[in-house]
Amino acid sequence: MLSKTDGLFRKMRHWGVSCTAGVMMALPVKTMAQVKMSPAKIDALKTELVKEIDSQQKFTQEMVDMVFSFGELGFQEVETSKYLTDILKKNGFTIEQGIAGIPTAWTAKWGSGKPLIAVGSDIDCIPKASQKPGVAYHDPIIEGAPGHGEGHNSGQPLNITAVLALKKIMEREKIPGTIMLWPGVAEEQLGTKAYYVRDGFFKNVDACIFTHVANNLSVSYGDGGNNGMVSVQFNFEGQASHAGAAPWRGKSALDAVELMNIGWNFHREHMETTQRSHYVIKDGGDQPNVVPSKASVWYYFRERTYPKITQMFKDGIRIAEGAAQMTETKMTYEVLGSAWPGHFNQAIAETMYENIKRVGLPKWSEDDQILAKAAQKEMQNPEGGALETNGLATTLSQLSKPSATPNTGGGGSDDIADISWNLPTVVLRYPANIPGLPGHHWANAIAMATPIAHKGVTAGAKVEAMTLLDLLVKPEVLRNAWEYFNNVQTKDVKYKALISDTDKPAIHLNEKIMSEYRPEMKKYYYDPTKYTTYLEQLGIKYPTVREAAGEGK
Ligand SMILES: [Zn+2]
């Protein structure tokens, strides 16, 4: 659900557990048999990690391009998950497939003993966002097909690059610890992370590093000010009849949907400004001469705190019940996803930021900047707001700290928050995309299989590998991380899942769309045995910009 610009991304993160929190808090961090290394030794190993990751740029590029070409929507990440777990299996990781009852979810573990560090990133894409990479205007690979208009094709390639580099050093230096890679399946539906937590997959994890595409190299801690949410589909059932000959015999489920929306939109007038709520009608009937016997509407209810989110959910149910009463229809609802507002760990963020400063931003080429500026020009804000045509980031972000004044803006959501309320977690944002684009849009796919994404992922992998090393060989980092988690973050706020014990992951989502487009999309899967890059396979000259925009090159 995240990230068009770095700042927005930060605002969009946030909070909420069940009984597992108690288990976590009792974790005996002090008893971990962590090795301790001299600063000079750590420094030398970090230099080695950078060298190793630089030498793997071809491998990284192939993974980024390959996942881009799969373009799979949430819960349907079949090819993506197979491809990524095959790589990990070949490299000695033990794979557990289909975790939490989600066919495309998995964990991949390597190493032994404590600490156990989780490394994750999302893998799903955006509907109707198909776009040729390297082309600075709308030019879909397949019209109407899904595509990586968020950049979730880049995070797991980053994680795998980082972890394989680290693994070599862990083996040689006999550094104890276990690394667990895991995917954010259906992040766009906020569909899985609360289930991973509920079903115990993070029970014994000591820390989590999550990676998310952005346009700078950055990390934050504390409450970033974004909303949590619950995603609910309301289904109405009435009675069909001939809409012309016997309309009095019908009870319209579509009427119920419309009345619910009207009710909610009046209710909106009396809600706090931090809320965001939006809906799409998933089923509005078949044809006008049949009174719709079935109709459904899908809502996202977003707010800043757990009590406010659950209140919105209750209000939604009440209004849906009212609509059902007015239309003499039956109403049922199902939870399709959820996310707490995020809160991220200070000790790990500060450690990571030192590594960010060490790595710095990638060196962009003139071609990278031409593409970025042309895409920014193409997508300029029609309201004349902040028009960003400055190209790619060349100044490193500061470490983002929580604001002294409480955020009242609200915003988007990300279910990494559910992990972040169960164990020390940070999100590493890396510069693989172009600033100033709309987000969840084909334009956000332009950079995602080009040198911009490849360089951004390589930079991010270096930061991640170094930070993982810090977590493994500097026991004080984990100690301080749990100190913050137990005594600051969760001192007053305790996680309680927004899903119930009986809710199930909505694994049917996007099945139809993918089965419609997949046969055609298969023809465009990247073949690295024949083509150096995906750009080459698609026959795209890099960068391709509108003639006027290219003037002066
Ligand atoms: Zn995202």
* Taking salt bridge (charged side-chain N to carboxylate O under 4.0 Å, His left out) as the test, write out the residues that go with Glu350, two or more places apart. =>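 Result, salt bridge (charged side-chain N to carboxylate O under 4.0 Å, His left out) vs Glu350: none returned.
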* Around atom CD of Glu328, are there more than 12 heavy atoms of other residues, nucleotides or ligands at under 6.0 Å? ->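 Result for CD/Glu328: open.
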* Output, in order, the C-alpha distance, side-chain angles, deciding distance and verdict of side-chain contact (heavy atoms from CB on, under 4.5 Å) for Phe234 and Tyr279. => CA-CA 10 Å; Phe234 296 89; Tyr279 55 81; over 6 Å; no
* Asked: Is any side-chain heavy atom of Glu303 closer than 4.5 Å to a side-chain heavy atom of Thr305?
  ->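 No - every pair of side-chain heavy atoms lies 4.5 Å or more apart.
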* Is any side-chain heavy atom of Ile419 closer than 4.5 Å to a side-chain heavy atom of Phe210? ->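 Heavy-atom side-chain distance check fails, nothing below 4.5 Å.
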Test your reading of the model: is there a side-chain donor-acceptor pair from [X] to the backbone of [Y], 3.5 Å cut-off?
{"X": "Tyr517", "Y": "Glu72", "result": "no"}
{"X": "Glu334", "Y": "Val232", "result": "no"}
{"X": "Gln325", "Y": "Ala320", "result": "no"}

Lys/Arg N to Asp/Glu carboxylate O, [X] vs [Y], below 4.0 Å:
{"X": "Arg304", "Y": "Asp223", "value": "yes"}
{"X": "Lys308", "Y": "Asp315", "value": "no"}
{"X": "Glu237", "Y": "Lys330", "value": "no"}

* **Ring center gap for Tyr353 and Tyr221 short of 6.0 angstrom** =>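 Here the rings of Tyr221 and Tyr353 have centres that are no less than 6.0 Å from each other.
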* To do: Pick out which of Tyr196, Phe201, Tyr195 makes a ring pair (Phe, Tyr, Trp, His ring centres under 6.0 Å) with Trp182.
  =>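 Among Tyr196, Phe201, Tyr195, the one meeting ring pair (Phe, Tyr, Trp, His ring centres under 6.0 Å) with Trp182 is Tyr196.
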* To do: Starting from the C-alpha separation in whole Å, work towards a yes-or-no answer on ring-ring contact (aromatic ring centres under 6.0 Å, His included) for Phe68 and His152.
  => CA-CA 8 Å; Phe68 182 91; His152 285 177; over 10 Å; no
* Report the C-alpha distance between His267 and Ile319 in whole Å, list the side-chain angles of each, state the deciding distance to 0.1 Å, and finish with yes or no for side-chain contact (heavy atoms from CB on, under 4.5 Å). => CA-CA 9 Å; His267 175 58; Ile319 288 169; 3.9 Å; yes
* Who pairs with His508 by ring pair (Phe, Tyr, Trp, His ring centres under 6.0 Å), at least two apart in sequence or on another chain? ->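 Here no residue qualifies.
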* Leu498 side, atom CG; Asp418 side, atom CG - distance, nearest 0.5 Å ->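 So the CG of Leu498 and the CG of Asp418 are separated by 7.0 Å.
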